[in-house]
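Each remark here refers to the structure printed beneath this line.
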Amino acid sequence: MSPQTVPLPVHTSEQLLPLEHLAWENFERLCLKRAVERGTVEDSADHAGGDSATGRMSAYDARAQGSLYGTQGQDQQGIDLYVRLPDGSAESDSAPERVYLSLQSRRVKSLTASQLKEAVTDFLDGTWAGVSRVFVYATSLSAVPQKTADEVVKQRERLAEEGISFEVWDAEYLSDWLKQRPHVVHDFFGRAWVEELFGPEQVASLRSCSGPSRWPRW
């Protein structure tokens, strides 16, 4: 008889990071880190939440810029942050005056189709719709449920009629993005989450520095 084969234990890492536990301003910062990558920014400063006066986020003056827009309680024209997209980006086929990716972020306890529709309406009624190539709705929750997913399709078609692309960055999307960036996971969620997602070897390689600019490129 051949020796009995003992199956290896199965350990599935957490699939979704706890975005809902981030403070609202840190969720905005996380969204901004993702957004500036659309401008091919390799590094960016970390600005305080809601500080629109800090200006350009890009490390390359001519290529991209971004900022958090307004503070809580202000009229934010349907957006929370914006990023200037570079010429020649994937979205550059639209009108030349449309140069921004505009994003509305919502760290909320629930997400409904009506909330999604209202967010698009607020954006279209604001001043940024006329200069944006892309509108992103970012949420700490999942947009997978059928009613919400159906509304995403409707709002994508609605914005397409205005020459604007529509994207939803939900918990699945942002978690997939984060799972390729251990330095960002460490920055926002701590070492325990780095070990959970990437293993103890990655934790051991963490550098004892406070600034993201000294991290290795992943």
Side-chain angles (χ1 to χ4, degrees), residues 12-38 49-50 66 68-70 72-83 85 90-91 93-94 98 100-181 184-185 188-189 193 196-197:
T12 302
S13 297
E14 290 289 339
Q15 297 301 296
L16 299 179
L17 280 88
L19 300 167
E20 70 278 9
H21 293 161
L22 294 176
W24 70 267
E25 64 270 20
N26 287 332
F27 183 66
E28 282 193 1
R29 287 191 184 105
L30 178 64
C31 291
L32 184 56
K33 280 183 178 290
R34 173 63 187 105
V36 293
E37 288 189 359
R38 299 289 284 272
L68 296 165
Y69 185 71
Q72 282 187 317
Q74 290 184 333
D75 181 5
Q76 295 176 263
Q77 301 296 318
I79 71 165
D80 292 306
L81 63 87
Y82 62 90
V83 169
L85 296 166
E91 301 89 358
D93 291 337
S94 55
R98 297 188 180 277
Y100 291 103
L101 178 152
S102 295
L103 182 146
Q104 186 178 130
S105 64
R106 289 293 178 265
R107 187 185 60 80
V108 294
K109 294 182 179 179
S110 63
L111 175 63
T112 65
S114 61
Q115 288 174 322
L116 198 60
K117 181 179 179 180
E118 182 180 359
V120 173
T121 298
D122 288 346
F123 169 69
L124 289 174
D125 288 344
T127 58
W128 286 86
V131 295
S132 296
R133 298 178 199 166
V134 183
F135 175 59
V136 175
Y137 184 85
T139 173
S140 58
L141 299 179
S142 171
V144 170
Q146 183 176 351
K147 287 186 178 180
T148 311
D150 290 345
E151 191 63 34
V152 169
V153 174
K154 292 178 183 177
Q155 297 307 314
R156 182 171 290 127
E157 293 172 350
R158 178 185 178 190
L159 284 163
E161 293 177 357
E162 304 294 332
I164 303 169
S165 299
F166 181 47
E167 300 176 12
V168 174
W169 295 357
D170 59 7
E172 280 81 5
Y173 177 93
L174 289 170
S175 292
D176 286 345
W177 175 75
L178 283 162
K179 284 188 283 187
Q180 301 175 53
R181 293 161 177 81
V184 182
V185 172
F188 284 89
F189 299 95
W193 275 96
E196 169 64 23
L197 296 175

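Since we're looking at a predicted model, the values are computed, not measured.
With hydrogens and angles disregarded, no donor-acceptor distance shorter than 3.5 Å links the side chain of Glu151 to the backbone of Leu116.
In this structure, the side chains of Leu197 and Leu178 stay at 4.5 Å or more apart for every pair of heavy atoms.
Among residues two or more places apart in sequence or in another chain, the side chain to side chain contact (heavy atoms under 4.5 Å, CB included) test is passed with Leu111 by Gln115, Tyr137, Thr139, Leu141, Ala143, Thr148. Partners of Asp176 according to the salt bridge (Lys or Arg N to Asp or Glu O under 4.0 Å) rule, which considers only residues two or more places apart in sequence or in another chain, are Lys179. When the side chain to side chain donor-acceptor pair (under 3.5 Å) test is applied to Trp169, the partners found at least two apart in sequence or on another chain are Glu167. Contacts of Leu124 classified as side chain to side chain contact (heavy atoms under 4.5 Å, CB included), with partners at least two apart in sequence or in another chain: Val120, Ala129, Arg158, Leu159, Glu162, Ile164. For Glu172, the side chain to side chain donor-acceptor pair (under 3.5 Å) criterion is met by Ser142, not counting sequence neighbours. With sequence neighbours left out, the side chain to side chain donor-acceptor pair (under 3.5 Å) criterion links Tyr173 to Arg34.
Atom CH2 of residue Trp128 and atom OH of residue Tyr100 lie 5.0 Å apart, to the nearest 0.5 angstrom. In this structure, CG on Leu81 lies 4.5 Å from CG on Leu103, to the nearest 0.5 angstrom. Between the OG atom in Ser140 and the CG atom in Leu174 there is a gap of 9.0 Å [rounded to 0.5 Å].
Tested against Leu19 for a side-chain contact (heavy atoms from CB on, under 4.5 Å), the candidates Leu30, Asp170, Asn26 yield a single pass: Leu30.
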